[in-house]
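Structure first, then comments.
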Amino acid sequence: MNEDRILVTSPLLPDLDEFHELLKEIWESKWITNNGKFHLQLEKALCDYLGVEYLSLFTNGTLPLITALQAMHITGEVITTPYSFVATTHALWWNGIKPVFVDIDPSNCGLDPDKIEAAITPRTTAIMPVHCYGNPCDTERIQAIADKYGLKVIYDAAHAFGVEVNGESILNHGDMSTMSFHATKVFNTAEGGALIVKDAETKKRVDYLKNFGFAGETEVVAPGINSKMDEIRSALGLLNLKQVDEAIEKRYQVAIRYREALRDVIGIRFFDDLPGVRHNYSYFPIFVDAEHYGMTRDELYFKMKEQGVLGRRYFYPLISTFSTYRGLPSASPENLPIATRIANEVICLPMHHKLSDEDMSRILELIVGEA
Ligand SMILES: *Cc1c(COP(=O)(O)O)cnc(C)c1O
């Protein structure tokens with residue numbers, strides 16, 4: 001019945017011959033992990049590209065979250081968003097920290113600064129917001145609250161590769177920011193991630209922590225973990241970094257076409273570019289208002305799926321509804337009305353650098369045709 005399936009994303013992959021050249025170098029050097037040449041090169045190249053000073057590569061995007069909390073000795077309670085990928089909250093749980101969910105702001109799907117203060121208790125030690133879909137959080141207000149109460153701020157910036165506000169990297173806000181270079185992200189190393197910190201001392205500490213706590217051949221200074229990135233994926237990253245701007249430009253063209261086609265569809269909402277922001281077009285979420293659109297989100301989602309168009313309900317269900325977390329007082333839907341509503345409205349449309357005009361026509365026909 002349906003033609004080829006259209007997936008929500010497609011990984012950025014380098015030219016295979018170019019990759020082979022780098023693999024040959026790795027084979028010849030016989031150095032395949034532990035701070036090798038390509039690892040160092042990629043850290044440097046990412047600092048330059050992202051406009052940050054201290055970045056430490058990781059083997060995925062979850063371990064930098066866990067390590068950031070370890071590095072700053074975060075304990076007690078941490079305020080976070082239920083509207084994210086589940087790893088954000090899991091990182092707290094793995095550190096024995098109690099997550100406290102706060103509702104989101106519908107204008108960017110990030111933590112609502114108006115609701116943070118009411119959730120602070122004497123046990124609160126940090127705030128862990130997410131730049132959801134690469135939309136920058138209200139970093140100024142979040143920092144003001146953190147300063148007032150003496151809290152740390154760790155941004156989960158997994159969606160925010162290359163995002164800038166008024167020419168400044170979004171990653172320079174808060175105490176630390178984490179990134180994911182998973183295959184589904186704008187920039188990928190198959191699996192991978194990074195932790196961005198503010199000073200050389202902290203980077204050194206993070207580098208110890210990601211290598212079992214080793215500070216030398218025989219000295220272990222902390223109960224570290226193993227979350228190093230290897231040479232093979234570092235090489236992949238170096239090549240992908242060269243083509244990421246082109247990929248973002250293609251994604252931008254997709255966003256423009258989606259917006260034009262959906263602008264007048266009643267009951268469908270989406271994000272426009274925010275003033276002063278360099279977006280990365282990592283996702284294209286639409287929000288279905290069933291009453292006005294005439295169809296629920298799930299009806300549209302399954303209709304698309306039947307026709308081979310695989311959107312994703314990011315983020316549904318909310319993290320706060322999973323069995324581990326739903327017993328927490330802050331997890332109740334009454335505490336999270338906006339996130340609860342948005343989780344029931346969202347579909348992320350297919351968005352990647354390989355999406356063709358025909359693909360977009362097929363997708364849009366399913367959404368606009370019925371309205
Ligand atoms: C992808 C993602 C992660 C986890 O990254 P992995 O590289 O898959 O471990 C964490 N937080 C958010 C918001 C993500 O989208």
Side-chain angles (χ1 to χ4, degrees), residues 7-12 42 46 55-70 78-95 97 99 101-102 104 108-111 126-137 139 153-163 170-171 173-174 176-196 210 225-230 233-234 236-237 240 251 279-285 311-320 322 324-325 339 342-343 346 348 351-352:
L7 304 183
V8 72
T9 190
S10 172
L12 189 61
L42 184 58
L46 283 169
L55 176 149
S56 190
L57 281 175
F58 275 71
T59 198
N60 61 45
T62 301
L63 284 160
L65 285 165
I66 291 175
T67 306
L69 296 162
Q70 282 282 321
V78 170
I79 288 171
T80 190
T81 169
Y83 193 77
S84 179
F85 184 61
V86 68
T88 314
T89 309
H90 282 351
L92 297 170
W93 205 259
W94 272 61
N95 277 286
I97 294 163
F101 296 111
V102 162
I104 59 171
N108 60 9
C109 288
L111 271 185
I127 308 173
M128 196 147 89
V130 178
H131 299 299
C132 193
Y133 309 128
N135 291 334
C137 290
T139 51
V153 182
I154 302 144
Y155 283 103
D156 179 342
H159 299 178
F161 187 88
V163 171
I170 193 71
L171 304 169
H173 292 280
M176 294 189 184
S177 292
T178 70
M179 311 226 75
S180 166
F181 306 146
H182 183 256
T184 53
K185 309 299 207 253
V186 169
F187 167 82
N188 84 83
T189 56
E191 295 270 1
L195 182 51
I196 289 107
K210 78 175 186 189
I225 196 162
N226 179 11
S227 45
K228 306 184 295 292
M229 183 182 282
D230 57 79
R233 288 180 295 148
S234 301
L236 181 64
N240 270 344
R251 287 167 172 271
H279 289 276
N280 63 8
Y281 310 97
S282 47
Y283 300 88
F284 195 90
R312 291 300 298 267
R313 289 170 290 178
Y314 287 147
F315 289 103
Y316 165 86
L318 292 179
I319 301 174
S320 47
F322 293 129
T324 315
Y325 306 117
I342 287 181
V346 70
C348 284
M351 167 53 97
H352 56 80

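In each ligand, atom 1 is the first atom listed, and ligand 1 is the first ligand listed. Below, each value reflects all heavy atoms present in this structure, side chains not excepted, and no hydrogens, waters or symmetry copies. All values reported here derive from a predicted model rather than from experimental measurement.
- Remark: Leu171 CG to Leu55 CG distance equals 8.5 Å, nearest 0.5 Å.
- Considering all non-hydrogen atoms of both residues, Glu191 and His182 come closest at OE1-CD2, 3.6 Å.
- In terms of the ring-ring contact (aromatic ring centres under 6.0 Å, His included) criterion, residue partners of Tyr83 (sequence neighbours excluded) are, by chain and number, Phe315.
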Side-chain donor-acceptor contacts of residues 58-65 below 3.5 Å, not counting sequence neighbours, with atom names and distances?
from: Thr59; atom 1: OG1; to: Arg233; atom 2: NH2; distance (Å): 2.7
from: Asn60; atom 1: OD1; to: Thr62; atom 2: N; distance (Å): 2.9
from: Asn60; atom 1: OD1; to: Leu63; atom 2: N; distance (Å): 2.9

Side-chain donor-acceptor pairs under 3.5 Å in residues 153-163, sequence neighbours left out?
from: Asp156; atom 1: OD1; to: Ala158; atom 2: N; distance (Å): 3.0
from: Asp156; atom 1: OD2; to: Thr88; atom 2: OG1; distance (Å): 2.9
from: His159; atom 1: ND1; to: Tyr133; atom 2: N; distance (Å): 2.8

Close N/O pairs between ligand 1 and protein, under 3.5 Å:
from: ligand 1; atom 1: 5 (O); to: Ser180; atom 2: OG; distance (Å): 3.2
from: ligand 1; atom 1: 7 (O); to: Gly61; atom 2: N; distance (Å): 2.7
from: ligand 1; atom 1: 7 (O); to: Ser180; atom 2: OG; distance (Å): 2.7
from: ligand 1; atom 1: 9 (O); to: Gly61; atom 2: N; distance (Å): 3.2
from: ligand 1; atom 1: 9 (O); to: Thr62; atom 2: N; distance (Å): 3.0
from: ligand 1; atom 1: 9 (O); to: Thr62; atom 2: OG1; distance (Å): 2.6
from: ligand 1; atom 1: 11 (N); to: Asp156; atom 2: OD1; distance (Å): 3.4
from: ligand 1; atom 1: 11 (N); to: Asp156; atom 2: OD2; distance (Å): 2.7
from: ligand 1; atom 1: 15 (O); to: His159; atom 2: NE2; distance (Å): 2.8
from: ligand 1; atom 1: 15 (O); to: Lys185; atom 2: NZ; distance (Å): 3.1

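- Counting all heavy atoms, side chain and backbone alike, Ala68 lies closest to Met176 at CB-SD, 3.7 Å.
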